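Comments concern the structure below.
Computed from a predicted model, the values in this text were never measured in an experiment. Values below: all heavy atoms of this structure, side chains included; hydrogens, waters and symmetry mates excluded.
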Amino acid sequence: LQGNMYVSGILYNNKGIVSNTFNLGDLNVSLYLSRQLGIYVGGLVNTNEGENAQVRDSANNGTIRAINLCGTANSYVYAGGIVCRNDTNTTNSSQNISFTINYGEIYAFNAKKNADNANNTIYTKAGGILSTGICNIVNTVNYGSIFSTETAGGMIGNIDLSSFNNDEVIIANTLNYGTVKAINRYLTVNGTAVYALYSDIKDIESNSKYISYGIVAQPFYQYCGALIGIINYANKYLKKMHFLSQDVGVVNSKFTIFL
């Protein structure tokens with residue numbers, strides 16, 4: 001088996017309207033063979049691809065666990081509570097996610113090294129509403145805790161404006177009540193950093209050794225935010241971004257705040 005894994009609770013590729021849908025099932029996805037590549041998981045929809053794609057009046061109550069131990073050049077992990085991604089279509093000004101709620105916890109674990117000054121590609125992204133991308137997001141709430149080895153946000157894990165040809169969307173009335181935390185790739189055994197094993201990671205929510213509280217070998221370049229993990233403006237700017245409220249606890253991570 002070689003290739004990517006695309007998983008969603010309701011629909012894989014949305015080019016229309018997803019409305020009044022609810023996912024109650026947990027989504028557990030893992031890769032551990034070197035010839036496999038990326039994991040892309042959405043609580044309701046995997047990809048909002050259509051220019052007018054919408055997800056509204058819906059909710060996810062399933063836990064998402066995305067674990068990639070491949071460590072290859074294309075070992076991506078994207079996990080979103082409502083939609084995984086919408087960055088496959090460069091036109092996003094008419095797309096929207098509205099009146100949606102995520103209750104599920106999200107865990108994104110990647111064996112691949114984080115982005116740094118030499119390689120600025122972000123491979124691991126977790127968001128309570130959307131893992132990566134940007135569109136009109138209005139009247140959404142996240143209650144689930146978000147955990148990631150690299151980038152995590154209560155609303156969106158990563159925004160890369162270079163993926164889109166427009167610069168105007170509206171983000172309004174968006175709340176996060178969930179905790180956002182960074183995950184260690186390593187645990188300490190007799191004072192030595194030991195790489196995580198799949199048998200440990202699959203139960204990561206009950207294994208506090210991997211939740212970052214100053215354990216040695218804490219990876220660098222982790223970005224966690226109450227609403228957004230990190231933004232690549234790419235010489236553009238968002239004309240309309242209005243946050244109503246945010247409430248979150250973040251530990252051992254770099255803060256990126258955009259208002």
Side-chain angles (χ1 to χ4, degrees), residues 4-14 18 21-29 38-50 53-56 58-68 76-89 92 95-110 122-138 140-160 163-164 169 171 174-176 178-181 183 223-231 248:
N4 298 315
M5 296 188 70
Y6 302 91
V7 178
S8 56
I10 301 295
L11 179 66
Y12 165 60
N13 193 348
N14 180 27
V18 174
T21 61
F22 305 91
N23 175 54
L24 303 178
D26 295 341
L27 303 175
N28 301 306
V29 188
I39 297 174
Y40 305 87
V41 187
L44 298 181
V45 173
N46 192 286
T47 305
N48 258 3
E49 186 174 39
Q54 301 179 40
V55 180
R56 64 193 190 198
S58 300
N60 172 60
N61 196 33
T63 296
I64 296 174
R65 301 179 187 89
I67 301 170
N68 192 334
Y76 293 90
V77 177
Y78 294 0
I82 302 298
V83 177
C84 177
R85 63 190 303 184
N86 81 318
D87 58 350
T88 60
N89 189 327
N92 65 332
Q95 292 185 358
N96 80 72
I97 301 173
S98 58
F99 298 97
T100 60
I101 303 175
N102 175 59
Y103 297 100
E105 294 187 339
I106 299 174
Y107 301 86
F109 191 102
N110 197 345
I122 295 176
Y123 290 89
T124 311
K125 310 170 185 181
I129 303 299
L130 178 66
S131 168
T132 186
I134 186 66
C135 63
N136 299 293
I137 299 178
V138 180
T140 63
V141 182
N142 174 65
Y143 289 101
S145 295
I146 314 297
F147 302 93
S148 174
T149 53
E150 188 169 13
T151 301
M155 178 179 63
I156 303 175
N158 176 74
I159 298 175
D160 185 354
S163 300
F164 303 100
V169 295
I171 299 177
T174 299
L175 293 89
N176 173 53
T179 296
V180 180
K181 291 183 178 180
I183 300 176
Y223 303 89
C224 298
L227 292 176
I228 299 172
I230 190 170
I231 295 179
V248 70

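The backbone N or O of Y40 sits less than 3.5 Å from a side-chain atom of N46, completing a donor-acceptor pair.
For the side-chain contact (heavy atoms from CB on, under 4.5 Å) test with V55, the passing option among I129, L44, I137 is L44; the others fail.
For N102 and N60, the side-chain atoms include at least one donor-acceptor pair closer than 3.5 Å.
No side-chain heavy atom of T132 sits under 4.5 Å from any side-chain heavy atom of D160. You'll find the side chain of I134 reaches within 4.5 Å of the side chain of N92, heavy atoms only. Contact annotation: the side chain of S131 never approaches that of R85 to less than 4.5 Å [non-hydrogen atoms, C-beta and beyond]. Side-chain contact between I228 and M155: present, with at least one pair of heavy atoms (C-beta onward) separated by less than 4.5 Å. Contact annotation: the side chain of I82 never approaches that of S58 to less than 4.5 Å [non-hydrogen atoms, C-beta and beyond].
Atoms OH and CD1, on Y223 and I231 in that order, are 13.5 Å from each other to the nearest 0.5 Å. Considering OG1 of T21 and CD1 of I10, their distance stands at 5.0 Å, rounded to 0.5 Å.
A pairwise comparison of heavy atoms in F109 and T149 identifies CD1-CG2, 3.7 Å as the closest pair.
In this structure, Y143 and Y103 have parallel ring planes: the angle between them is below the 30° cut-off, well short of the 60° mark.
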